[in-house]
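Only heavy atoms go into these numbers, but all of them, side chains included; no hydrogens, no water, no symmetry mates.
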Amino acid sequence: MSEHQEADDEASTETALIQAIENQIEAGEPPAALATLNKLTLVGFEREESLQMMALVLAHEIQAMLRDDRPFDQAWYEQALRALPTLPDEAQ
């Protein structure tokens, strides 16, 4: 895969993850999504930066699901969102 294609794939993945976060906020599910966005905004993060951090948490959980062949861990996900701006460690 070329570097250009890899960069396009990463941008596409980031866009999809951010859209998923936006959908969660709009739906109010999980409640931690909107609460986290509000908290990060209140402490001075721009909306785009907040969404990117939240997308990193979602990506971390998806990677863990695939690696461990397990279902989505909603409780961990919400806890990790609420812990932002501290990002999750590589190992869960």
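Take Phe45 and apply the ring-ring contact (aromatic ring centres under 6.0 Å, His included) test, not counting sequence neighbours, and it matches no residue. Under the side chain to side chain contact (heavy atoms under 4.5 Å, CB included) criterion, Gln19 pairs with Glu22, Asn23, not counting sequence neighbours. Not counting sequence neighbours, Gln79 has no partner by the side chain to side chain contact (heavy atoms under 4.5 Å, CB included) test. Under the side chain to side chain contact (heavy atoms under 4.5 Å, CB included) criterion, Leu56 pairs with Leu87, sequence neighbours left out. Evaluation of the side-chain hydrogen bond (donor to acceptor under 3.5 Å, both in side chains) rule for Glu29 yields no partner, not counting sequence neighbours.
The list of salt bridge (Lys or Arg N to Asp or Glu O under 4.0 Å) pairs with a residue in residues 33-43, not counting sequence neighbours, is empty.
Nearest heavy atoms, Gln74 versus Pro30: NE2-CB, 3.3 Å. The two atoms that bring Pro31 and Arg82 nearest to each other are C-NH2, 4.4 Å, heavy atoms only.
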Assess the residue pair Val57 and Trp76 against the criterion (side chain to side chain contact (heavy atoms under 4.5 Å, CB included)); give the C-alpha distance rounded to whole Å, side-chain angles, the decisive distance to 0.1 Å, and a yes or no.
CA-CA 10 Å; Val57 170; Trp76 181 90; 4.2 Å; yes

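In this structure, the separation between CG on Leu58 and CD on Gln24 is 6.0 Å, given to the nearest 0.5 Å. Residue Asp69 holds its CG atom at 8.5 Å from CG of Leu66, rounded to the nearest 0.5 Å. Interatomic distance, Ile25 CD1 to Ile18 CD1, rounded to the nearest 0.5 Å: 10.5 Å. In this structure, the separation between CZ on Arg47 and CG on Leu37 is 5.0 Å, given to the nearest 0.5 Å.
Side-chain atoms of Glu61 come within 3.5 Å of backbone atoms of Asp73 as a donor-acceptor pair (strictly under, hydrogens ignored). Side-chain atoms of His60 never come within 3.5 Å of backbone atoms of Ala55 as a donor-acceptor pair (strictly under, hydrogens ignored).
Using a 4.5 Å cut-off on side-chain heavy atoms (C-beta onward), Leu17 and Ile62 make contact.
Criterion: ILVMFWY side-chain heavy atoms under 4.5 Å apart, direct or through other members. Under it, Leu42 and Leu34 are not part of a common hydrophobic cluster.
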